[in-house]
Amino acid sequence: MAGRFIVFEGLDGSGKSTQILRLASKLGREKVFLTAEPTETAIGGTIREALSGSLKKTPFEMAALFLADRISHNILIGKHLENGRDVICDRYYYSSFAYQGLECDLSWVMHMNLGCSAIRRPDVCFFMDVSPSYCRQRMSQRAELEIFEKDLALMQKTRDKFFEVFSLLKDSENIKIIDASRHIETISEEIFSLVSEI
Ligand code: ADP
């Protein structure tokens, strides 16, 4: 049986990595493939440089770089799913819609990703929802903040954009909004029970 493709989305500091590790251990660490976007490839490296602010790229270039990175990533994801492993991915095309959709045409970014047959649709997307100020508080120990996380107002706009996108996709995608301000274990139990349904 093919594995399930599970995506986690949310602002930085919303608790994605924490819940991904918990879900992986509940599912059985050897039965899952953990991955993230941007990937560890050369294109992923260019994206990370731009996110750190050390390389200048326009929002259109960023949208195209993420698209190319995602197309390669799908080859790897596909192999693991076919081998029967569940794939858990930290960020996917919803992040492109929210972040690049703020600065270039959202419909273009959505069309490029959703209209591409080499980019698969997740079985479920968990959106870790926490207020930007709480995310910021949780990230206070991080040495470096990415360009999108420097400004609280921008984080709020990004969260709003995620919700705009989820409302556009509500009939075609399985998106679960998770109240991620709760205790780590409470959230983890809810996510595991939702995963059990698929
Ligand atoms: P992300 O991967 O979304 O950036 P992390 O999982 O790295 O977020 O979490 C950011 C910080 O918040 C970490 O220090 C983590 O231990 C803490 N954290 C995660 N989830 C919770 C939670 N539900 N309650 C309190 N702190 C949390």
Side-chain angles (χ1 to χ4, degrees), residues 4-27 32-39 44 47-48 51-52 62-63 66 69-70 73 77 86-103 106 109-110 113-114 121-142 144-170 173-195 198:
R4 293 284 177 266
F5 182 29
I6 301 162
V7 167
F8 280 76
E9 288 280 4
L11 300 174
D12 272 359
S14 60
K16 297 182 296 300
S17 327
T18 305
Q19 293 302 328
I20 286 171
L21 290 178
R22 296 223 162 202
L23 178 61
S25 75
K26 284 187 172 163
L27 290 172
V32 297
F33 174 63
L34 300 187
T35 188
E37 291 190 0
T39 67
I47 295 173
R48 264 190 297 280
L51 289 174
S52 73
M62 287 299 277
F66 270 109
D69 193 38
R70 191 161 298 126
H73 196 198
I77 292 170
D86 293 320
V87 173
I88 308 179
C89 185
D90 188 340
R91 293 190 180 276
Y92 198 54
Y93 52 51
Y94 313 93
S95 281
S96 290
F97 303 161
Y99 291 87
Q100 279 72 55
L102 267 180
E103 296 175 292
L106 173 63
V109 185
M110 289 183 78
N113 282 273
L114 301 175
R121 304 276 183 121
D123 292 295
V124 63
C125 165
F126 294 110
F127 180 71
M128 306 300 291
D129 190 30
V130 200
S131 72
S133 53
Y134 197 11
C135 288
R136 178 60 77 73
Q137 210 177 307
R138 286 183 185 173
M139 285 192 302
S140 54
Q141 273 110 19
R142 272 187 206 171
E144 303 262 324
L145 291 181
E146 290 183 347
I147 49 172
F148 287 107
E149 271 66 41
K150 289 201 165 121
D151 173 350
L152 214 53
L154 181 58
M155 286 172 81
Q156 185 58 53
K157 276 194 203 151
T158 310
R159 179 173 178 264
D160 293 346
K161 203 73 181 172
F162 267 117
F163 279 103
E164 181 188 332
V165 164
F166 294 152
S167 123
L168 291 170
L169 295 175
K170 68 179 182 317
E173 303 243 349
N174 186 17
I175 296 161
K176 308 283 187 200
I177 311 294
I178 303 294
D179 172 0
S181 64
R182 295 169 297 163
H183 191 272
I184 290 177
E185 197 45 48
T186 312
I187 302 168
S188 168
E189 278 164 18
E190 183 187 6
I191 290 174
F192 185 64
S193 110
L194 289 166
V195 166
I198 57 158

Peer 1: Going through the distances and angles, do R48 and D69 end up as a salt bridge (charged side-chain N to carboxylate O under 4.0 Å, His left out)?
Peer 2: CA-CA 12 Å; R48 264 190 297 280; D69 193 38; over 6 Å; no

Peer 1: State, yes or no, whether a side-chain contact exists between V195 and F126 at a heavy-atom distance under 4.5 Å.
Peer 2: yes

Peer 1: Do D123 and D86 have side-chain heavy atoms sitting under 4.5 Å apart?
Peer 2: no

Peer 1: After noting the C-alpha distance and the side-chain angles of E190 and L194, does the key distance pass the side-chain contact (heavy atoms from CB on, under 4.5 Å) rule?
Peer 2: CA-CA 6 Å; E190 183 187 6; L194 289 166; 4.0 Å; yes

Peer 1: Verify, without hydrogens or angle tests, whether Q19 (side chain) and I184 (backbone) share a donor-acceptor contact under 3.5 angstrom.
Peer 2: yes

Peer 1: For the CD1 atom of I20 and the CD1 atom of I6, what is their distance to the nearest 0.5 Å?
Peer 2: 10.0 Å

Peer 1: Above 12 or not: heavy atoms from other molecules or residues under 6.0 Å from NZ of K157?
Peer 2: no

Peer 1: For the pair F127 and F8, evaluate ring-ring contact (aromatic ring centres under 6.0 Å, His included) and give the outcome as yes or no after the intermediate values.
Peer 2: CA-CA 6 Å; F127 180 71; F8 280 76; over 10 Å; no

Peer 1: Angle class for the Y99/F162 ring planes (parallel below 30°, perpendicular above 60°, tilted otherwise)?
Peer 2: perpendicular

Peer 1: Decide yes or no on side-chain contact (heavy atoms from CB on, under 4.5 Å) for L23 and S188, but give the supporting numbers first.
Peer 2: CA-CA 7 Å; L23 178 61; S188 168; over 6 Å; no

Peer 1: Using the ring pair (Phe, Tyr, Trp, His ring centres under 6.0 Å) criterion, which residues pair with F33? Sequence neighbours excluded.
Peer 2: H80

Peer 1: Between CD of E164 and CG of D160, what distance do you get to the nearest 0.5 Å?
Peer 2: 9.0 Å

Peer 1: Passes side-chain contact (heavy atoms from CB on, under 4.5 Å), T158 versus L11? Steps please.
Peer 2: CA-CA 8 Å; T158 310; L11 300 174; 4.0 Å; yes

Peer 1: Is there a side-chain contact between F97 and K161, using heavy atoms and a 4.5 Å cut-off?
Peer 2: no

Peer 1: Judged by atom type as modelled, is there a donor-acceptor pair below 3.5 Å linking the side chain of K176 to the main-chain atoms of I191?
Peer 2: no

Peer 1: So, for L51 and P38, which heavy atoms are closest and what is the spacing to 0.1 Å?
Peer 2: CD1-CG, 4.4 Å

Peer 1: Treating K16 as the side-chain partner and M128 as the backbone partner, does any N or O pair qualify as donor plus acceptor under 3.5 Å?
Peer 2: no

Peer 1: Do V87 and V32 touch side chain to side chain, with heavy atoms closer than 4.5 Å?
Peer 2: no

Peer 1: Do the side-chain N and O atoms of T39 and R70 include a donor-acceptor pair separated by under 3.5 angstrom?
Peer 2: no

Peer 1: Of all residues at least two apart in sequence or in a different chain, which pass the salt bridge (charged side-chain N to carboxylate O under 4.0 Å, His left out) check with D129?
Peer 2: R159

Peer 1: What distance do I88 atom CD1 and L27 atom CG have between them, rounded to the nearest 0.5 Å?
Peer 2: 5.5 Å

Peer 1: Mind checking whether I77 and H73 have side chains closer than 4.5 Å, heavy atoms only?
Peer 2: yes

Peer 1: Rounded to the nearest 0.5 Å, what separates atom OG in S181 from atom CD1 in I187?
Peer 2: 7.0 Å

Peer 1: Mind checking the CG-OH spacing from N113 to Y94? Nearest 0.5 Å is all I need.
Peer 2: 10.5 Å

Peer 1: Evaluate the side-chain contact (heavy atoms from CB on, under 4.5 Å) criterion for residues I198 and N174: first the C-alpha distance (whole Å), next the side-chain angles of each, then the deciding distance (0.1 Å), finally the verdict.
Peer 2: CA-CA 10 Å; I198 57 158; N174 186 17; 4.1 Å; yes

Peer 1: I need the minimum non-hydrogen distance between V130 and S14, along with the two atoms involved.
Peer 2: CG2-O, 3.6 Å

Peer 1: Identify which one of E37, E9, E173 satisfies the side-chain hydrogen bond (donor to acceptor under 3.5 Å, both in side chains) criterion when paired with Y93.
Peer 2: E173

Peer 1: With a distance cut-off below 6.0 Å to the six-membered ring centre and an angular limit of 45° from the axis, does R138 pair with Y134 as a cation-pi contact?
Peer 2: yes

Peer 1: Are the side chains of F5 and C89 in touch, meaning some heavy atoms are under 4.5 Å apart?
Peer 2: yes

Peer 1: Compare every heavy atom of D12 with every heavy atom of C135, then report the nearest pair and how far apart it is.
Peer 2: CB-O, 3.4 Å

Peer 1: Between atom CD1 of I47 and atom CE of M62, what is the distance when rounded to the nearest 0.5 Å?
Peer 2: 6.0 Å

Peer 1: Okay, side chain of R91, backbone of V7: is any donor-acceptor separation there less than 3.5 Å?
Peer 2: no

